[in-house]
Engineer: 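This is the structure I have questions about; it appears just below.
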Amino acid sequence: MAPKFVATILLFLPLLANIVNAQEPAIFDITKYGAKPDADISQALTTAWKEACLSNTSSRIVIPPGTWSLSQADLAGPNKSPIELQVQGTLKAPVGQLPNKDGNWITINYVNNLEISGGGVFDGQGTEAWKQNDCHKNKNCVKLPLNLSFNFINNTYIHDVTTKDSKNFHVNCISSHNVKFQRFTISAPGDSPNTDGIHLGRDSNITVIDSIIQTGDDCVSIGDESTEIHIENVTCGPGHGISVGSLGSNTAEKDVVGIYVKNCTFLSTMNGVRVKTWPSAPAHLQVKDLHFEDIIMDNVSYPIIIDQEYCPHNLCNLKDPSFVKISNVFIKNIRGTSHYPEAVTMVCSRTNPCENVEIADVDLTYSGNLGPTTTKCANVKPTLVGKLNPPICANMTGAQSS
């Protein structure tokens with residue numbers, strides 16, 4: 001019996017070896033392509049990427065520990081097999097203008113089965129660029145680059161990396177499907193202009209979980225044609241909160257459906273959870289199935305906002321209402337403190353009032369000494385459930401309590 005057993009084992013050894021080898025990705029270390037810490041690694045990274053995309057087996061591009069200069073990278077698919085970009089070190093962008101002044105710092109397009117990992121840092125070195133940002137008053141302002149621009153990526157897992165001090169938005173994720181950000185850190189000062197954390201648009205099945213976002217604008221902003229967006233266990237602050245919109249300014253915009261913000265904490269942010277649409281704007285679309293649940297607000301200026309008269313810097317007028325229809329909104333178990341007395345604002349469109357809004361178990365106290373917390377409501381008759389502090393929409397007739 002023993003010789004037959006040994007013979008059987010020997011017969012299967014090559015098969016077992018093939019299985020083990022199939023599980024190990026091909027390694028593309030940028031140092032093997034000429035990358036050096038004291039020089040621009042863009043060429044080495046691009047070459048490694050192109051070869052990895054051609055691999056018939058899964059591949060891993062490795063950026064080793066250390067500090068690396070990267071002028072700019074435009075990385076595109078298609079890729080034949082799963083591909084991982086493992087950033088172990090710190091990548092630094094140029095302080096000044098990029099080689100392609102109209103492009104972003106790192107762009108990844110048309111990739112399927114992508115993973116970005118490694119514990120490394122994408123450092124946009126944006127401090128000097130922020131001083132040039134006058135977009136709030138100049139429509140012809142200089143276009144500044146994003147740290148990471150993802151377009152048409154599918155089945156992607158981005159985890160355990162940091163994006164720091166982007167000159168503009170930290171992350172764009174556009175026209176993508178089934179993307180997960182986990183243990184993803186975003187870091188920029190609270191006064192850094194337009195440094196949104198993650199901007200989503202025309203996406204489906206996007207998850208942001210177990211992450212920390214500290215920035216000078218929205219922690220997460222959600223644009224049109226977004227469906228099934230899940231944001232869970234995210235700490236936001238400093239920043240402007242988590243926003244749906246702004247919406248309504250473009251006739252080509254499409255519906256936003258299925259937004260879930262759960263178990264999140266907001267620390268001294270300008271806003272908490274917010275929906276914003278433009279008045280006197282042409283687009284007709286729906287925003288529905290919004291779930292804001294189990295959220296802590298810590299000294300947040302405006303914790304809960306639906307604003308259908310969104311008009312920053314007086315760039316519009318309030319003559320005509322918003323044509324965006326908001327419905328099926330569920331706000332539940334929101335607790336903490338508001339920096340200003342008006343803790344809940346729900347100003348809906350006068351021609352398209354908000355419908356099926358349910359507010360349950362809200363307890364927000366004013367952190368100052370000017371009196372109790374208050375609410376402001378227009379064109380909405382929410383269903384009210386459980387303990388509510390402040391009294392929700394006390395100025396409205398028709399609010400339903402249960």
Engineer: Any side-chain donor paired with an acceptor under 3.5 Å for Ser322 and Thr277?
Structural biologist: yes
Engineer: Could you check whether Thr47 and Gln43, counting side-chain N and O atoms only, form a donor-acceptor pair closer than 3.5 Å?
Structural biologist: yes
Engineer: Are Lys36 and Ile41 side-chain neighbours, meaning at least one heavy-atom pair lies under 4.5 Å?
Structural biologist: no
Engineer: Can you name the side-chain hydrogen bond (donor to acceptor under 3.5 Å, both in side chains) partners of Tyr366, sequence neighbours left out?
Structural biologist: none
Engineer: Cut-off 3.5 Å, side chains only: do Thr207 and His230 have a donor facing an acceptor?
Structural biologist: no
Engineer: When you compare the side chain of Asn352 with that of Val324, does any pair of heavy atoms fall below 4.5 Å?
Structural biologist: no
Engineer: Would you say the side chains of Asn168 and Ser166 form a donor-acceptor pair under 3.5 Å?
Structural biologist: no
Engineer: Should Asn178 and Asn154 count as side-chain neighbours, where that means a heavy-atom distance under 4.5 Å?
Structural biologist: no
Engineer: When you check the side-chain N and O atoms of Ser71 and Asp40, is any donor under 3.5 Å from an acceptor?
Structural biologist: yes
Engineer: Could you state the interatomic distance from OG1 (Thr195) to CG (Leu146), rounded to the nearest 0.5 Å?
Structural biologist: 10.5 Å
Engineer: With a 3.5 Å cut-off and no angle check, do the side chains of Glu232 and Tyr260 form a donor-acceptor pair?
Structural biologist: no
Engineer: Glu293 and Asn333: side-chain donor and acceptor closer than 3.5 Å?
Structural biologist: no
Engineer: Ignoring hydrogens and geometry beyond distance, is a side-chain donor-acceptor pair present between Ser117 and Glu84 at under 3.5 Å?
Structural biologist: yes
Engineer: Classify the ring geometry between Phe181 and Phe150 as parallel (under 30°), tilted (30 to 60°) or perpendicular (over 60°).
Structural biologist: tilted
Engineer: Would you say Asn79 and Ser81 are linked by a side-chain donor-acceptor pair, where the criterion is simply a distance under 3.5 Å?
Structural biologist: no
Engineer: Pairs of donor and acceptor atoms involving the side chains of residues 121-128, under 3.5 Å and at least two apart or interchain, shall be tabulated with distances.
Structural biologist:
unit_1: Asp123; atom_1: OD1; unit_2: Gln125; atom_2: N; d: 3.0
unit_1: Asp123; atom_1: OD2; unit_2: Lys92; atom_2: NZ; d: 2.9
unit_1: Gln125; atom_1: NE2; unit_2: Ala93; atom_2: O; d: 2.6
unit_1: Glu128; atom_1: OE2; unit_2: Lys131; atom_2: NZ; d: 3.1

Engineer: To check you understand the geometry: which heavy-atom pair defines the closest contact between Cys53 and Ala76, and what is its length?
Structural biologist: SG-O, 3.9 Å
Engineer: Taking only residues two or more places apart in sequence, or in another chain, which ones meet Cys264 in a disulfide (SG to SG under 2.5 Å)?
Structural biologist: none
Engineer: Indicate whether the side chain of His339 and that of Asn299 have a donor and an acceptor atom separated by less than 3.5 Å.
Structural biologist: yes
